[in-house]
2 protein chains.
Amino acid sequence: MLSKKTKYAFHALSYLAENQERGAVLIQEIASNKNISHKFLENILLELKKAGILGSKKGKGGGYYLIKKPEEITLAKIIRLLNGPIAWLPCVSLNYYEKCSDCPDEATCNMHIIMCQVRDQTLGVVENKTLSDLIKQK
Amino acid sequence: MLSKKTKYAFHALSYLAENQERGAVLIQEIASNKNISHKFLENILLELKKAGILGSKKGKGGGYYLIKKPEEITLAKIIRLLNGPIAWLPCVSLNYYEKCSDCPDEATCNMHIIMCQVRDQTLGVVENKTLSDLIKQK
DNA sequence: CATTACCCTACAAAGTTGGTAGACTTTGCA
DNA sequence: TGCAAAGTCTACCAACTTTGTAGGGTAATG
């Protein structure tokens, strides 16, 4: 299951995408509109900024804003960033790979093969869906 | 990611499937062959028994054994039992459904729609793979 | 100089993970 | 009848993660 952090990130990003033309948006505005704890959201937005998805401006008229087009931000990227690996096992993860101690040979391990299928099916969706798919026809 | 519990369950079930003709198998035998803590495995096997997947016999010559054919035990069933929901959000879970507080209408919530796709893609694999797929050609 | 993001520490309740320990019950067999 | 083997049950635990709350100080900007 996705963590609340990840869900909140999607909500916040949707809000920013919908208000993109307005420029910088206050943390507080997002928090109260999306019903997220201000302090918790602060951390989330900071992570998104460090990942190069958001920009920020301090001082009066400051806030957060998207620095990419919504079409360029895949759901997979957000999920990996805030939720961790998409794969079910470390040994089939593309971004967080770790050898599994149990299986002697990944090429012939049936578990491995099936988990790769699951991963690919999942990625087939979230690598091809972007923030813009999230805010369509609302 | 799948928990160790779930991974252990797959290992144990594979072992039991491979040794099906021998009848009851000791916890200890599975534990040492698959390198799992004996006591932890005990809990896992008990859960599998309560779920109607395994049977057990006490006393001398006792142990655990499959009470279903490997082809009848889907990976989805094991994962749901030991790992919890397969869906990424409670509001798209078939077996653990819960309404999400944030979205006003599931039919028009884009998040909801995308997460349903992810779920269906995942289920497409694990509902159609069984224990017998795990032990093939070893 | 007010505003706003940034950054840090600390706390905390609740839940999950990956176990450990020990007593109890049932069973098979001699 | 009695013992040993084996699963069953209850309890506990340490470490970690999650989902925050609270507060304060710093830096940039208009």
Side-chain angles (χ1 to χ4, degrees), chain A residues 1-12 16 22-32 34-51 53-67 79 81-85 88-90 96 101-102, chain B residues 1-12 16 22-32 34-51 53-67 79 81-85 88-90 96 98 100-102:
Chain A
M1 305 269 283
L2 297 182
S3 65
K4 285 200 180 181
K5 203 169 185 175
T6 310
K7 262 176 73 178
Y8 289 165
F10 281 129
H11 280 139
L16 288 172
R22 284 177 43 213
V25 176
L26 294 186
I27 298 179
Q28 189 50 58
E29 182 183 335
I30 306 171
S32 56
K34 293 296 185 171
N35 215 34
I36 307 171
S37 137
H38 176 279
K39 277 293 197 179
F40 196 32
L41 183 56
E42 193 181 296
N43 296 331
I44 297 169
L45 295 178
L46 207 50
E47 277 192 70
L48 291 169
K49 186 197 170 183
K50 285 177 182 164
I53 293 165
L54 296 181
S56 65
K57 224 167 71 178
K58 293 179 180 180
K60 201 165 195 174
Y64 279 97
Y65 49 89
L66 288 175
I67 55 177
I79 292 171
L81 190 63
L82 294 157
N83 213 74
W88 267 353
L89 294 178
Y96 299 83
S101 48
D102 342 285
Chain B
M1 306 271 282
L2 297 181
S3 64
K4 284 198 179 180
K5 202 169 186 175
T6 310
K7 262 177 73 178
Y8 289 166
F10 281 130
H11 280 139
L16 287 173
R22 285 176 43 213
V25 177
L26 294 186
I27 298 179
Q28 189 49 61
E29 184 183 333
I30 306 172
S32 55
K34 293 295 186 172
N35 214 33
I36 307 171
S37 141
H38 176 278
K39 277 296 195 178
F40 195 34
L41 182 58
E42 193 180 297
N43 296 331
I44 296 168
L45 296 177
L46 207 51
E47 277 191 71
L48 290 168
K49 185 197 170 182
K50 286 177 181 163
I53 293 165
L54 296 182
S56 67
K57 223 168 73 177
K58 293 182 179 180
K60 205 165 193 173
Y64 279 95
Y65 49 89
L66 287 174
I67 56 177
I79 292 171
L81 190 62
L82 294 156
N83 212 75
W88 267 352
L89 294 179
Y96 300 83
E98 260 178 66
C100 63
S101 49
D102 343 283

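Labels below follow one simple rule: chain letters A, B, ... track the order of the sequence lines, proteins then strands, and each chain is numbered from 1.
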Pair B:Lys39 + B:Glu42, salt bridge at N-O below 4.0 Å: yes
Sorted by chain and residue number, the salt bridge (charged side-chain N to carboxylate O under 4.0 Å, His left out) partners of A:Lys4 (sequence neighbours excluded) come out as none
>> Test side chain to side chain contact (heavy atoms under 4.5 Å, CB included) on B:Ile53 and B:Ile67; report intermediate values, then the result.
In response: CA-CA 6 Å; B:Ile53 293 165; B:Ile67 56 177; 5.8 Å; no
Check your understanding: Within the side chain of B:Ser32, is there an N or O that forms a donor-acceptor pair under 3.5 Å with the backbone of B:Gln28?
Key -> yes
OP1, OP2 of D:dA28 versus side-chain N and O of A:Lys60: anything below 4.0 Å? no
TODO: Have a look at B:Lys7 and say if it touches a base, only the backbone sugar-phosphate, or nothing, with a 4.0 Å heavy-atom cut-off.
DONE: nothing
Exactly one of B:Val25, B:Leu41, B:Ile27, B:Leu26 clears side chain to side chain contact (heavy atoms under 4.5 Å, CB included) with B:Tyr64, and that residue is B:Ile27
Discussion item. Looking at A:Glu29 and A:Arg22, is any side-chain nitrogen of the basic one under 4.0 Å from a carboxylate oxygen of the acidic one?
Written reply: yes
Worksheet item: Using a cut-off of 4.0 Å on non-hydrogen atoms, how would the nucleic acid contact of B:Ile27 be classed: base, sugar-phosphate, or nothing?
Response: sugar-phosphate
Nucleotide by nucleotide, nucleotides 20-26 of chain D touches protein heavy atoms under 4.0 Å in the pattern (B base, S sugar-phosphate only, - none) SB-BB--
Separation of C:dA21 atom C1' from B:Leu41 atom CG, nearest Å, is 17 Å
On DNA chain D, more 5' by nearest nucleotide between A:Thr6 and A:Gly59 is A:Thr6
